[in-house]
Structure formats: structure tokens, C-alpha cells
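Both ligands and their constituent atoms are indexed starting at 1 by order of listing.
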Amino acid sequence: MNEVILLKNGEIVLKGLNRRKFEDMLIKTTRRRLSALGEWRLTAAQSTIIAKPSDEGTDLDAAVSICRKIFGFAGLSRALTLPKDFEAILSATGSYLSDELSSVSTFKVCAKRSDKKFPLTSPEICSILGNRLLEEHPHLSVDVHNPDIVVNIEIRDDAAFVHGTQLKGAGGMPTGSSGKAAVLISGGIDSPVAAWMMAKRGLQLTAVHFASPPYTGERAEMKVRSLLEKISLYSGPISFFTVPFTEIQEQIKDNCPEELSTVIMRRFMMKISAVIAADNDCGALITGESVGQVASQTLHALACTDAAVSMPVFRPLIGMDKDEVVAAARRIGTFDISVLPYEDCCTVFTPKHPRTRPKLKYVESAESALDTDKLVNDAADGAQRSVIDGLRM
Ligand code: ATP
Ligand code: MG
């Protein structure tokens, strides 16, 4: 059987003259992700990328689930390739979709004919094929408004394709098409969702995690790695930096007013991340902050955090409620990992009464008790790098 996966381009169809460049990126990403399953021939035609395995025995279900996580595709379908011959289409469709047709009660046929030289019009294809399917599967009836399955016939330039209801793709923009950014990732619920949301907009991710051994354990870091593995199924491989943060936290605790320690710690995280980001060609930072969620995320605290760096800071969750973030975390598969118990460096050093309306000038003056530049550079230099790729684990 001559089967392929049809991958329908999403937003990039709006890209005018740059479209070709975005298409090439999508092809490159798709080829890399599918390479775990063998060799593929990928061609771009009419807002679609057609992925054809070199080997007939390739696991197409596994390929479909990989492709559903590639940003840039609006929809996808496993499809049968046929010659552009209506008799061939009529005789093959019912048996190709037989499993799906047997398990539903209503259907409709949808025909798209981009090759206008094909002898039948789309309505003719729908009506003749619809009748044929009713004969072959007498339990079925037609429902044009809300069918259980849509039988799709696409008559394209090179061939005809038959497939069932199109699956939804991951949407968004191709990985790397918007540049690179560094996400500050904790083991919590929010930052993995923030990372995923920005990766969806085409940013290639670098991740930075602050660890404070012995206050935080190996388990906390393993948890962050598992979260990044999940995200990398969508974003592609992630460069991961673990930053030693113990000394900075101890110095803040010993030398700064307790009620400002959280905001000062957050500013250190931003500064260190900005150094790592700049070294790794990243043009922005990403955090999982949301207005009002905790004391360090009041308007005043966010302003102080923002002022620590000149790089743009993306906070995609800024206007989201916790339950919206939780729903997103469940969808992308990070929630169950995020709720595992662990110690984060923030929770270990949390002050009893953090200042909710910190003023930048007092924060800066409190920080002057520390050798900030040295602490920032030492921490960035001490960061351990590894690469996380969930598809290769
Ligand atoms: P999350 O669920 O992402 O942990 P949170 O609601 O617990 O977020 P905070 O602890 O205030 O919020 O952290 C705010 C943001 O700071 C996080 O979303 C994350 O981007 C960053 N952050 C916090 N802790 C760490 C850490 N240990 N390493 C790297 N980034 C961190
Ligand atoms: Mg946290």
C-alpha cells in the first residue's frame, strides 16, 4: 500500500515571499524528528508537506504521533496515494477506510480538486463516491453537517490522496523561525507551560535551572530534566544549563533584609540567565510568572525583576489563571511531573513576610552589600551544560 502523511502548513501560508524559507525549516525539522523511524522523502506542494517513508513497513502511527507535535502544521492525515484515476479512487476508498467506516454510523465525502483538469468536479466526486460507500457499507448514512467521519479526496498535481478526518496539528510557527530564547525553568507547573507556549511561536529553547545543593537534591534536577524531555518532543532538542545557586542564596540570606530576599534572588536569576542567554545567541528570556500569583509576582516585584536585565523578558502566562495553566500543563503532558514533590531553591529560602511592594531603589541599595557582578559571572561560568532530546532518550 502506498501510504504517506499529509502535513498541512499552518500560519506560514500567510508568509508571502518568505514562505519558501519557512517551508524549508519545516521540512528540516520533520526530517530530523522522523529519522528515528527510518528514511523519508519529504516534498512541499500546495501548502502541504508530503512525507513518504522509504520503507513500506515503517510505523506510520508512530510517525503521526511525532508529527502532531511539530509546530507549524495546522493539521495532518495518514493518506493513501493513488493515481489520478476516478475508477481507482472509487474502488480503493471503501476498503482503505474500512476499519474507520465500520466503527461509525455517519459520514460525508469532501473532495478538493486543485488539478482542475481532472474530469469530474468536486460535487460529482462527492456524490458518486458517497453512493458507492453507502453500497459497500450499508449501515452508514450521510450527515453533511456533523458526520462521524469525513472521507477526504484530494486531487493534487502529482497524485490523488484519500484519507479520513484530518487530525489537528500542533499549530504555531516552525521551531527556530523566530530565533532563540532562554527559559528559566523550575520544577513547578508554570515555567514548563511558558516554555512550550514560546516554543510554539517558533523560538528555539535554551533552558536555565538554578540548583542549591545540598538544600535542593538530585531529584529536583531530574524532575526538571523530565519536564524538558516532554517539552522537547515539541520544541526539538533543548540546551540545558544547571546553575549552582547555593552561594548566592546564602549570601543574600546573610547580608540582605529578609523581606527583600525573594526579589533579590529573582533579580540574580534574571542576570545570570541573561549572561547565559547572550553567550548562546538568545535574544530574550522566558519565565512562568503571572500577575498576582505569589508575592514575587506583584506589579512592583515584577518591575524590580524586569529592571535587572536589559534583554526582553517574555511572560506568556502573565494574564492566565492558575486553572488555565494547569489545563495547558495537562495537555502538553508536564502536569503529572510538575506535581511530584521536590524542593526548589525558591521554596527553601522563602522569607516569612516577603515585601509585596518592593521599591527598586531600596532593592538596589540592599544589593550593594554583595559583589553582584562577580557572583553573577561565577555562577554563569559554573553552569553545567547538557542537551535534552526526548525523542532520543
Ligand atoms: P513555577 O511553577 O514555574 O515554578 P511559580 O509559580 O512557582 O512558577 P516562582 O517560584 O515565583 O513561581 O518563580 C517564578 C518564575 O521564576 C518561574 O516560573 C521560573 O520561570 C523562574 N524560576 C523559579 N525558580 C527557578 C529555578 N529554580 N530555576 C530556574 N528558574 C526558576
Ligand atoms: Mg516555582
Side-chain angles (χ1 to χ4, degrees), residues 181-199 205-213 215-225 227-228 230-231 238 240-246 248-249 252 261-277 282 284-302 304-306 308-309 311 313-318 320-326 328-330 332 334-351 354-356 358 379-380 383-384:
V183 59
L184 283 74
I185 185 113
S186 70
I189 295 170
D190 303 322
S191 46
V193 173
W196 182 89
M197 286 175 75
M198 296 318 298
L205 298 178
T206 287
V208 182
H209 175 67
F210 296 89
S212 297
Y215 306 103
T216 62
E218 187 107 315
R219 223 168 40 140
E221 193 187 319
M222 288 315 294
K223 186 178 170 187
V224 174
R225 286 181 177 275
L227 289 167
L228 290 172
K230 289 277 181 205
I231 297 166
I238 300 172
F240 176 46
F241 292 85
T242 314
V243 181
F245 205 50
T246 317
I248 292 175
Q249 290 202 291
I252 295 172
S261 62
T262 303
V263 68
I264 293 174
M265 179 195 74
R266 309 249 343 108
R267 283 164 54 84
F268 267 99
M269 286 187 178
M270 301 303 271
K271 286 181 180 174
I272 297 162
S273 301
V275 172
I276 293 174
C282 296
L285 300 179
I286 301 167
T287 77
E289 291 160 312
S290 152
V291 167
Q293 201 186 75
V294 286
S296 63
Q297 295 171 28
T298 62
L299 216 50
H300 293 77
L302 287 170
C304 291
T305 312
D306 234 19
V309 288
M311 196 173 261
V313 181
F314 296 154
R315 299 179 169 95
L317 312 187
I318 200 73
M320 286 168 75
D321 293 347
K322 195 76 189 189
D323 54 0
E324 292 168 330
V325 180
V326 165
R330 287 189 196 280
I332 62 179
T334 53
F335 182 77
D336 291 341
I337 304 170
S338 290
V339 294
L340 295 171
Y342 80 119
E343 289 293 316
D344 183 50
C345 64
C346 302
T347 41
V348 178
F349 286 88
T350 305
R355 181 75 45 90
T356 52
Q384 298 281 330

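One side chain, Ser191 or Ser186, offers a donor N or O that lies under 3.5 Å from an acceptor on the other.
How far CD1 of Ile189 is from CZ of Arg330: 8.5 Å, rounded to the nearest 0.5 Å.
In this structure, Ser338 contributes its side chain and Gly188 its backbone to a donor-acceptor pair below 3.5 Å. Of the possible donor and acceptor atoms, one in the side chain of Ser290 sits under 3.5 Å from a partner among the backbone N and O of Met320.
Taking the side chain as every heavy atom from C-beta outward, Met269 and Phe245 approach each other to under 4.5 Å.
Considering backbone and side-chain N/O atoms, Leu184 comes within less than 3.5 Å of an N/O atom of ligand 1. Residue contacts with ligand 1: Pro192 is placed with no nitrogen or oxygen under 3.5 Å of a nitrogen or oxygen of the ligand (distance criterion only). Between Gly187 and ligand 1, a contact under 3.5 Å exists for no N or O pair. Between Phe210 and ligand 1, at least one pair of N/O atoms sits closer than 3.5 Å. In terms of N/O distances under 3.5 Å, ligand 1 is not approached by Lys322.
Per-residue contacts place Arg266 under 4.0 angstrom from the following atoms of ligand 1 (heavy atoms of the residue considered): 13 (O), 14 (C), 15 (C), 16 (O), 21 (C), 22 (N), 23 (C). Close approach to Thr287 involves these atoms of ligand 1, each under 4.0 Å from a residue heavy atom: 20 (O). Remark: ligand 1 atoms within the under-4.0 Å shell around heavy atoms of Ser191 are 1 (P), 3 (O), 18 (O), 19 (C), 20 (O).
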Q: Let me see the working for Arg315 and Asp306 under salt bridge (charged side-chain N to carboxylate O under 4.0 Å, His left out), right down to the final yes or no.
A: CA-CA 11 Å; Arg315 299 179 169 95; Asp306 234 19; 3.0 Å; yes
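Heavy atoms of Ile185 found under 4.0 angstrom from ligand 1 belong exclusively to the backbone.
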